[in-house]
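These figures come from a predicted structure and were not determined experimentally. All values below were derived from every heavy atom in this structure, side-chain atoms included, with hydrogens, water molecules and symmetry-related copies excluded.
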Amino acid sequence: MFPSDFVIFLQIILFLFITPGPPRVVIVSHALNYGLNRSVWTALGDISANTIQGILVVFIIGSFLSDNPQILNYLKWAGIFYLVYLAYDTFTAKINSINSKTQSTKSTFSFYKDGFMVAGLSPKAIIFFSTIFSSFINYESNIISQFLILMITYVVLDFVTLMIYGLAAEKISIWLKNKPKVLNTISACVLLIIAIYVAATQNF
């Protein structure tokens, strides 16, 4: 059965995706410093984490999280510490040029891990899946088919908007390709600002 109010669901997630939260900031940082091709793995890590979150919240631990909101606070601070770590890692990375074949020693798995960890430790994503996402599912009908429609829509649009952010960042990086340290500094500062913003504004 098709999920109820699917068009409204589309509007909500599109608004969510155009908002520059931590996952968007991370992929912009990676695209600025390493290029769009390598940043694809960051986006894949992000959507992998979101898929796991959706499955866990809708089918397994949704009620448990409702009864234990302090877990969201733990995830919030774990995510903040990881953003600070990424800021440090970005600032200290040795990058010769955005087009250099020896840009950095950062591995493909490291890009994937960054996307996965930032998205996976986001309490906002868990709240979204446990409240807004779940409200579009009719639990008296075929839950799995509805979940698949919503989840696939979410993942595809998430990936596409991440790539748009990454593409825009790569275009900007062309202007600064001979000043890699400037790229590092800008990216690290933005990551720190997002970490501070999350710490100051998100309360559960």
Peer 1: Could you please spell out the steps behind the side-chain contact (heavy atoms from CB on, under 4.5 Å) verdict for V57 and F133?
Peer 2: CA-CA 10 Å; V57 170; F133 189 92; over 6 Å; no

Peer 1: If I compare all heavy atoms of V118 with all of P22, which pair ends up nearest, and what's the gap?
Peer 2: CG1-CB, 3.7 Å

Peer 1: Between CD1 of I164 and CG of L157, what distance do you get to the nearest 0.5 Å?
Peer 2: 9.5 Å

Peer 1: Supply the atom-to-atom distance L148 CG to T153 OG1, rounded to the nearest 0.5 angstrom.
Peer 2: 10.0 Å

Peer 1: Which heavy-atom pair separates F136 from Q146 by the least distance, and what is that distance?
Peer 2: O-OE1, 4.0 Å

Peer 1: Do F147 and I55 make a side-chain contact, defined as non-hydrogen atoms from C-beta onward lying under 4.5 Å apart?
Peer 2: yes

Peer 1: Side-chain heavy atoms nearer than 4.5 Å, only ILVMFWY residues, links allowed to pass through others: does that put I196 and V28 together?
Peer 2: no

Peer 1: Between N142 and S145 (side chain of the first, backbone of the second, donor and acceptor by atom type, cut-off under 3.5 Å), is there such a pair?
Peer 2: yes

Peer 1: Please report the C-alpha distance between F116 and I52 in whole Å, then the side-chain angles of each, then the deciding distance to 0.1 Å, and finally whether the side-chain contact (heavy atoms from CB on, under 4.5 Å) criterion is met.
Peer 2: CA-CA 10 Å; F116 187 93; I52 293 172; 3.8 Å; yes

Peer 1: Is there a path from Y85 to I193 through hydrophobic residues (I, L, V, M, F, W, Y) whose side chains come within less than 4.5 Å of each other?
Peer 2: no

Peer 1: Give me each pair satisfying salt bridge (Lys or Arg N to Asp or Glu O under 4.0 Å) with a member in residues 7-22, each pair once, sequence neighbours excluded.
Peer 2: none

Peer 1: Give the cluster check for L16 versus L14: same hydrophobic cluster or not, with ILVMFWY residues linked at side-chain heavy-atom distances below 4.5 Å.
Peer 2: yes

Peer 1: So which heavy atom on M163 is nearest to which on S39, and how close?
Peer 2: CE-O, 4.2 Å

Peer 1: Indicate if F6 and I132 have the same hydrophobic cluster label, given that clusters are the connected sets of ILVMFWY residues with side-chain heavy-atom separations under 4.5 angstrom.
Peer 2: yes

Peer 1: Considering all heavy atoms of both residues, which atom of T42 and which atom of H30 are nearest to each other, and what is their separation?
Peer 2: OG1-ND1, 2.8 Å

Peer 1: Report the C-alpha separation of F9 and I13 in whole Å, then their side-chain angles, then the decisive distance to 0.1 Å, and conclude whether the side-chain contact (heavy atoms from CB on, under 4.5 Å) test is met.
Peer 2: CA-CA 6 Å; F9 174 76; I13 62 174; 3.8 Å; yes

Peer 1: Is there a side-chain contact between W41 and F109 in this structure, where contact means two heavy atoms from C-beta onward sitting under 4.5 Å apart?
Peer 2: no

Peer 1: Will you find, in the side chains of Y112 and S107, an N or O donor that is under 3.5 Å from an N or O acceptor?
Peer 2: no

Peer 1: Could you tell me which non-hydrogen atom of A49 sits nearest to which non-hydrogen atom of A119, and how far apart they are?
Peer 2: CB-CB, 3.9 Å

Peer 1: Do you know which two heavy atoms are closest between L32 and A169, and how far apart they sit?
Peer 2: CD2-O, 3.2 Å

Peer 1: When you measure from the side chain of Q53 to the backbone N and O of A125, does any donor-acceptor pair fall under 3.5 Å?
Peer 2: no

Peer 1: Check whether any side-chain heavy atom of F159 lies under 4.5 Å from a side-chain heavy atom of D46, and answer yes or no.
Peer 2: no

Peer 1: Can you sort out the partners of Y154 under ring pair (Phe, Tyr, Trp, His ring centres under 6.0 Å), two or more places apart, ordered by chain and number?
Peer 2: F17, F128, F129

Peer 1: Could you note down all residue pairs passing salt bridge (Lys or Arg N to Asp or Glu O under 4.0 Å) where residues 13-26 supplies at least one of them, sequence neighbours left out?
Peer 2: R24-D158

Peer 1: Are V160 and I152 grouped together when hydrophobic residues (ILVMFWY) are joined by side-chain heavy atoms under 4.5 angstrom apart?
Peer 2: yes

Peer 1: Check the pair I80 / W77 against side-chain contact (heavy atoms from CB on, under 4.5 Å), numbers first and verdict last.
Peer 2: CA-CA 5 Å; I80 289 169; W77 284 103; 3.7 Å; yes

Peer 1: If only atom types and distance count, is the side chain of E170 paired as donor or acceptor with the main-chain N or O of G35 below 3.5 Å?
Peer 2: no

Peer 1: Is there a donor-acceptor pair under 3.5 Å between the side chain of S48 and the backbone N or O of L44?
Peer 2: yes

Peer 1: To the closest 0.5 Å, what do you measure between OG1 (T108) and NZ (K113)?
Peer 2: 13.0 Å

